[in-house]
Amino acid sequence: MRLGSVCLRRLSEGQRRLEVCFHRLLHNPKVTADHIIAGWAEPTIAACAGRHVLAIQDTSELTFRTTPSRERGLGRIGKGVGRGVLLHPMIAVDAATRDCLGLLGGRVWTRPPAPPVMRTADGRKRKSHSKAAFQERESCRWVETAQEAKERLGAAAMVTMIADREADMYPLWASVPGTNIHVLGRVYHDRPIVGGGCLSTVARAWPVCGTRRIAIRERGDRPEREAVVELRYGQVTIVRPRTIRVREGLPRQIALTFLEVTEPAPPDAVGPVVWRLLTTHPVADGDQAWQVVDWYRCRWIIEQFFRTLKKQGLRIEDSQIDEAEHLIKLAAWIVARLGGWDGYPSSRPPGPITFKNGINALKTMTEGWALRDLCIP
């Protein structure tokens with residue numbers, strides 16, 4: 001298999017017979033994305049036993065080229081102008097070694113068409129306020145994925161669920177934590193806290209527990225740089241939003257640890273670093289506070305996973321497969337294919353060893369990418 005491509009013609013290495021087999025596989029109704037995804041976690045569960053596991057989840061959009069006459073059944077992505085599918089995986093990482101242990105679960109799906117725009121009598125757009133229960137919203141994927149991982153990681157010594165700002169929702173903080181199950185995420189909502197004030201201002205009165213020089217990774221048009229940051233931490237209690245239905249059974253308030261990482265003297269014309277983190281981990285001193293920050297910084301590993309799948313790796317978005325259903329199968333299938341599955345419709349579905357080999361291949365590719373700028377004289 002040519003690891004640098006997901007083009008079925010190139011994967012077949014010029015053999016028409018293999019190309020036909022791949023197409024039959026993706027068109028076979030008995031081969032579903034759900035069945036493939038169900039096998040993601042099998043080898044990972046065993047690898048996580050006895051470890052402190054960082055369970056990192058995120059969503060990525062896979063954008064495929066379309067025309068108005070050929071949208072291929074794809075759904076809305078971004079601001080609604082593009083077409084593609086959404087991929088939401090959760091990966092397991094060893095907290096001590098930072099080794100990627102594999103996939104724990106996730107979803108691959110397309111969005112339905114946008115609802116019609118409602119307008120007021122004077123022609124202005126009417127604000128929509130969703131009355132759907134949380135379980136019926138797309139955002140529930142953050143909680144559902146965490147709950148699935150929680151059930152699968154019973155043999156782990158400890159689990160820390162990590163996500164970025166999009167996952168900052170009260171049901172996650174209220175329902176996922178348990179015995180040796182913690183949540184760690186970046187703040188999106190400037191929540192009011194018990195006793196007065198809000199998350200954006202509460203840390204101003206807290207003492208600085210330490211200073212550190214950290215690397216800020218390249219992202220978009222932002223170059224990589226170093227920053228000297230300060231860290232403050234303390235305890236806060238957040239309250240249940242009024243938009244949450246009482247009958248959903250969530251507690252009225254939750255006590256959490258709040259950490260704020262700030263850059264007091266950023267370079268000219270550069271926005272300062274400001275990370276506001278919430279966690280269920282107790283923090284008693286500066287060393288523990290920095291440990292929590294370091295765990296959160298491991299979230300970058302899932303970004304590397306997406307880079308491997310997309311522009312700087314397999315270039316999955318270059319696929320010209322004709323229908324959304326088949327593209328979803330391809331997105332779910334590619335990890336198993338990396339593990340050496342032959343792709344024949346008559347072959348057994350990829351099992352735990354195949355998936356583990358696929359993860360190892362992805363890890364090797366990621367490590368190779370990290371060495372791209374290494375110069376050996």
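In this chain, numbering begins with 1 at the start of the sequence shown. As a basis for the values below, the full set of heavy atoms in this structure was taken, side chains included, without hydrogen atoms, waters or symmetry mates.
D99 and T97 are linked by a side-chain donor-acceptor pair at a separation below 3.5 angstrom, with hydrogens and angles left out of the test. Looking only at atom types and distance, the side chain of D285 has no donor-acceptor partner in the side chain of Y233 under 3.5 Å away. Between the side chains of T160 and H52, at least one donor N or O lies within less than 3.5 Å of an accepting N or O. With no hydrogens or angles considered, a side-chain donor-acceptor pair links T59 and H88 at under 3.5 Å.
Here side chain to side chain donor-acceptor pair (under 3.5 Å) pairs that include residues 255-270, with residues two or more places apart or in two chains, are R225-E263, Q235-T257, E260-R276. Judged as a salt bridge (charged side-chain N to carboxylate O under 4.0 Å, His left out), the pairs with a partner in residues 190-204 (not counting sequence neighbours) are, in order, D168-R191.
Not counting sequence neighbours, R107 has no partner by the salt bridge (Lys or Arg N to Asp or Glu O under 4.0 Å) test.
Looking at R217 and E224, no side-chain N of the basic residue comes within less than 4.0 Å of a carboxylate O on the acidic one, giving no salt bridge. Remark: R222 does not engage E218 in a salt bridge, criterion side-chain N to carboxylate O under 4.0 Å. Using a 4.0 Å cut-off between a side-chain N of Lys or Arg and a carboxylate O of Asp or Glu, K150 and E148 do not qualify as a salt bridge.
Note that CH2 of W142 is 7.5 Å distant from CE of M169, once rounded to the nearest 0.5 Å. Atom CD of E230 and atom OG1 of T211 lie 5.0 Å apart (nearest 0.5 Å).
Residues I301 and E303 are not in side-chain contact: their nearest non-hydrogen atoms beyond the backbone lie 4.5 Å or more apart. V236 places a side-chain heavy atom less than 4.5 Å from the side chain of V202.
The minimum heavy-atom distance linking Q288 with P282 is given by the pair OE1-O, 3.7 Å.
Under the 4.5 Å side-chain contact rule for hydrophobic residues, L54 and M158 do not share a cluster.
T145 places no side-chain N or O within donor-acceptor distance of the main-chain N or O of G106, the cut-off being under 3.5 Å.
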